[in-house]
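These values consider heavy atoms only, across backbone and side chains, with no hydrogens, waters or symmetry-generated copies.
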Amino acid sequence: MYTNDWRIPADTKGSPHWAADLTAAEFAARGVNVLDGDLPLPLCVLREAALAKNSDAMARFVREAGHDVLLAPHGKTTMIPQLFHRQLETGSWGLSLANHHQVRVARSAGVSRIVLANQLVEPAEIDYVLDELARDPDFDFYCFADSVDGVAMLTERATRHSTTRPIQVFVEAGIDRGRCGVRTIDAAVTVGRAVVDAAPHLRLVGVAGYEGILQTSERREQLINDYLSFLGDVAIGCDGAGLFADAERVLLSAGGSAFYDRVIAMLADLPLSRPSRIVLRSGCYLAHDDGFYSRFATDLLRRDQLARRTDLSFEPALEIWSSVLSTPEPDRVVVSAGRRDFGEDAVRPAVIKHARRATSVPDRLDTAHHTIVAVYDQHAVIDVPDGHNLRVGDRIALSPGHPCTTFDKWRAIHLVDDAYIVRDVLATYF
């Protein structure tokens, strides 16, 4: 297990001034309560009970989906090594990451199987991977390729290196006018053949893609089905060209945090010459949210029988606690958290809890009648109902609408129990 033994610097956002000489473990051992007034606000917390529930729910869903479905959750969501290991210890096959920095953080934390869900083109980054493959026989690494030029870059660096272990490559299938990825089956076969021809330096393991960029469309379900059908056709085309002849199993990877059920449904029974395994790359399930992904989770339960049977339900774990700074108008309050403290790229946070000053017991708020109407760097303005009982100095909890763009605002995140007592301080490594 990765141990968080870093010391809390005096200027760390979210840490009290008196914690400068404490390790995270020493700080947590003091039993500080987030709502007692001993910690400066705003403060980002993760609720341990919700993390455990979400982790167990996803592990159960993947397990019940069958032996040919694997989970490699996206570590970029949290960039917290302790949470990487929580996911691995509850059955994840590996970890997905998006760039070189994230790979190095995961390697420093002892993660042995990594899917770089991206192109690998920089010489120094390729050399790092090759060095790690040579140094550690347990390092299991995969990356994407969508061009012959990209394959040539990998091959050129690998031929200079002493390692005898190949870089394992997925052909990436893309979306018209979208991100990386081939746009046609013929292009996929061409790229896949270039990988095969680069043996023993490279090894083709399967095809991969990402359907999530379509999830904001009003026609998302049809568009995602069409894309996953294309991804399957790419796999069939590469297989028909004999490109998987040396593969024990063909890996098929997709699945963000909203439509992994469709990935399973559409890729599970492809007519390939070899057995296949599906690698899902969902990341946000662990923290979940009260906005962007919560609605997708509801839709998933409606669509998918396995999700209903396994009770695939998640609970928001991430909260931003802030102070009521002002009540300038009868129907508005101003709190001390803003866009420097939470993401608002998808939807604004929900206003979920209230704790009276000098009490550590929060009450639930009616989110329909407490809504954020304006956001500034360090302030949020909340519309409240007539006769509200919020006062200056009270504390308000916000539930971010998109965890990915909230975690990266914080260097220190406090892990709390149901009574909001701090049990650990987690460092992020963005």
Side-chain angles (χ1 to χ4, degrees), residues 12-19 27-28 30-50 287-291 294 315-344 347-403 406 409-410 412-423 425:
T12 293
K13 179 180 175 184
S15 297
H17 65 278
W18 48 260
F27 172 52
R30 294 191 173 214
V32 176
N33 192 303
V34 168
L35 303 180
D36 277 348
D38 289 331
L39 295 173
L41 300 184
L43 193 76
C44 184
V45 307
L46 276 170
R47 296 173 47 248
E48 167 63 34
H288 200 50
D289 62 33
D290 258 312
S294 63
E315 184 176 332
L318 191 65
E319 297 176 356
I320 307 298
W321 278 91
S322 60
S323 304
V324 176
L325 300 178
S326 178
T327 59
E329 299 162 26
D331 60 348
R332 286 198 167 181
V333 302
V334 181
V335 298
S336 63
R339 61 172 57 94
R340 297 287 184 98
D341 309 302
F342 54 74
E344 53 168 341
V347 295
R348 287 172 173 164
V351 184
I352 59 169
K353 294 176 184 176
H354 165 232
R356 181 74 65 202
R357 185 169 184 164
T359 181
S360 58
V361 180
D363 298 318
R364 296 290 304 187
L365 289 174
D366 181 355
T367 58
H369 294 96
H370 296 77
T371 57
I372 295 176
V373 294
V375 175
Y376 304 93
D377 276 6
Q378 317 287 180
H379 300 80
V381 180
I382 302 173
D383 266 1
V384 294
D386 292 339
H388 70 85
N389 65 345
L390 305 180
R391 303 172 188 169
V392 171
D394 286 358
R395 292 158 189 129
I396 298 292
L398 309 176
S399 180
H402 189 192
T406 296
K409 305 291 193 294
W410 297 87
I413 295 179
H414 292 65
L415 184 70
V416 299
D417 63 18
D418 287 342
Y420 285 91
I421 295 173
V422 177
R423 297 305 181 190
V425 184

Are the side chains of [X] and [Y] in touch, meaning some heavy atoms are under 4.5 Å apart?
X: Pro349; Y: Ile320; result: no
X: Ile421; Y: Val416; result: no
X: Ile413; Y: Leu43; result: no
X: Arg339; Y: Gln378; result: no
X: Ile396; Y: Val324; result: yes
X: Val45; Y: Leu318; result: no
X: Asp36; Y: Tyr420; result: no

* **Derivation of the side-chain contact (heavy atoms from CB on, under 4.5 Å) call for Ile382 and Val335** => CA-CA 8 Å; Ile382 302 173; Val335 298; 3.8 Å; yes
Atom pair [atom1]/[atom2] of [X] and [Y] - distance to nearest 0.5 Å:
X: His388; Y: His354; atom1: NE2; atom2: NE2; result: 10.0 Å
X: Glu315; Y: His288; atom1: CD; atom2: NE2; result: 9.0 Å
X: Lys409; Y: Asp341; atom1: NZ; atom2: CG; result: 9.0 Å
X: Cys44; Y: Leu398; atom1: SG; atom2: CG; result: 10.5 Å
X: Ile352; Y: Ser399; atom1: CD1; atom2: OG; result: 4.5 Å

For the residue pair [X] and [Y], what are the closest heavy atoms and their distance?
X: Asn33; Y: Ala419; result: ND2-O, 2.8 Å
X: Thr327; Y: Leu390; result: CG2-O, 3.9 Å
X: Glu319; Y: Ala397; result: OE1-CB, 4.3 Å
X: Thr367; Y: Val351; result: CG2-O, 3.2 Å
X: Pro330; Y: Val384; result: O-CG2, 4.2 Å
X: Pro403; Y: Asp289; result: CD-OD2, 3.5 Å

* Given Asp383, which of Val333, Thr371, Ile372 fulfils the side-chain contact (heavy atoms from CB on, under 4.5 Å) condition? ->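 Going through the options one by one, the only one that passes is Thr371.
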Any donor-acceptor N/O pair, [X] side chain to [Y] backbone, under 3.5 Å:
X: Trp321; Y: Val34; answer: no
X: Thr406; Y: His402; answer: yes
X: Asp386; Y: Asp331; answer: no
X: Ser336; Y: Ser323; answer: yes
X: Arg395; Y: Leu35; answer: yes
X: His370; Y: Asp366; answer: yes
X: Arg47; Y: Asp417; answer: no

With a 4.0 Å cut-off on N to O distance, would you call [X] and [Y] a salt bridge?
X: Asp394; Y: Arg357; answer: no
X: Arg423; Y: Glu48; answer: no
X: Lys353; Y: Asp363; answer: no

